[in-house]
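Structure, as structure tokens:
For the single chain, residues carry numbers from 1 onward in sequence order. Note that the coordinates shown come from a computational prediction; the quantities given were computed from them, not determined experimentally. We count ligands from 1, going down the list as the structure has it; atoms in each ligand are counted the same way.
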Amino acid sequence: MINKVYINGDIYDANDAKVSIFDRGYLFSDGVYELIPYFDSKPFLMEEHYLRLQRSLEMIELENPYNKDKWFANIEKLLKSCHFENYYLYIQVTRGMPRNFDDNILREHAATKDYQTCISMFYSKINSLKNKKTLSTKAITMEDKRWMQCDIKSVSLLYNSYAKTIAHKKGAYEAILVRDGYVTEGCSSNVFVIKDNIIYTSPESNLILPGVTRLFVINDVIKDNGYNIRFESFSEDEMLNADEIFITNSTQGILPITHVNDKLVKNNNNSKISQKLQEIFISKIS
Ligand code: PLP
């Protein structure tokens with residue numbers, strides 16, 4: 001069975017889904033995206049993901065093409081064909097292609113024309129977090145060479161995917177990024193460290209994506225269960241000397257990190273607190 005894809009109101013087989021090469025998303029990464037996990041066929045934190053999509057669109061001055069009801073109706077239309085229990089819904093909105101090429105200009109940096117916004121969506125299978133096979137993982141560190149608006153969920157993921165490929169080649173799941181000596185975030189995750197029973201994570205800023213999972217973990221997992229959290233930046237050295245490290249994102253939930261750059265996390269607390277938080281998280285998604 002082939003996954004279906006939504007493009008501008010129509011549904012296609014994944015093999016047949018196509019957009020124009022003149023789409024500004026293709027030529028300039030002029031677009032944003034969102035990824036919503038579904039666990040046991042139910043969306044998790046849908047509203048929060050929708051609000052972040054809205055915010056990303058505002059930040060690149062792209063009008064939301066649909067109102068909320070229309071978004072949800074179109075999502076339902078696509079997901080009718082989805083028979084997975086655990087999957088993510090990927091949504092991408094780009095400024096699209098010019099409505100006409102009468103001036104014979106096919107590509108220009110400035111978005112001066114009238115464009116047909118391009119809305120595409122697809123779903124992709126993920127593993128259930130309940131019978132999670134990967135309970136912890138390895139990471140590497142790399143310099144954060146991205147631009148300065150990492151708070152926009154932009155489709156421009158060149159450095160993120162490059163760094164994550166290097167991590168993969170080194171047998172790690174994630175590359176944790178470091179800017180001016182301080183940890184920002186992972187290529188597709190937010191980072192937390194634990195030292196002396198206090199949990200630290202970088203405060204929200206233009207240097208990190210405000211992860212939907214990050215906020216849920218802070219409020220519903222950490223604070224609700226009486227753990228201490230501080231919103232403070234920490235250096236790479238501080239991370240390497242932490243008792244525990246864990247990362248969060250929509251498809252993995254909470255993932256303890258056991259090794260960084262092939263070295264065991266300093267005090268190797270056996271990820272005791274991270275694993276507890278992971279258990280709480282998993283109990284809350286169902
Ligand atoms: N930071 C970056 C750069 C990401 O790409 C992601 C998710 O893909 C995250 C953080 C985690 O965000 P969320 O929890 O909303 O999945």
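In this structure, Tyr90 and Ile36 have side chains that are not in contact, with every pair of non-hydrogen atoms separated by 4.5 Å or more. Residues Glu244 and Val193 form no side-chain contact, since every pair of their non-hydrogen atoms from C-beta on lies 4.5 Å or further apart.
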Exercise for review: Take Gln149 and Asn206, measure what side chain to side chain donor-acceptor pair (under 3.5 Å) needs, and give me the verdict at the end.
Suggested key: CA-CA 5 Å; Gln149 278 212 294; Asn206 58 312; over 6 Å; no

Are there any N/O pairs under 3.5 Å between ligand 1 and the protein, and if so, what are their distances?
residue  : atom   : partner : partner atom : Å
ligand 1 : 1 (N)  : Glu185  : OE1          : 2.7
ligand 1 : 8 (O)  : Lys153  : NZ           : 3.4
ligand 1 : 14 (O) : Val212  : N            : 3.4
ligand 1 : 14 (O) : Thr213  : N            : 3.0
ligand 1 : 14 (O) : Thr213  : OG1          : 2.6
ligand 1 : 15 (O) : Arg52   : NH1          : 2.8
ligand 1 : 15 (O) : Arg52   : NH2          : 2.9
ligand 1 : 15 (O) : Val212  : N            : 2.8
ligand 1 : 16 (O) : Ser250  : N            : 3.0
ligand 1 : 16 (O) : Ser250  : OG           : 2.7

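Scanning both residues, Lys145 and Tyr159, for their nearest heavy atoms gives N-CE2, 3.5 Å.
A cation-pi contact, defined as under 6.0 Å to the ring centre and within 45° of the axis, links Lys164 to Tyr173.
Taking the six-membered ring for Trp, Phe101 and Phe22 have ring centres closer than 6.0 Å.
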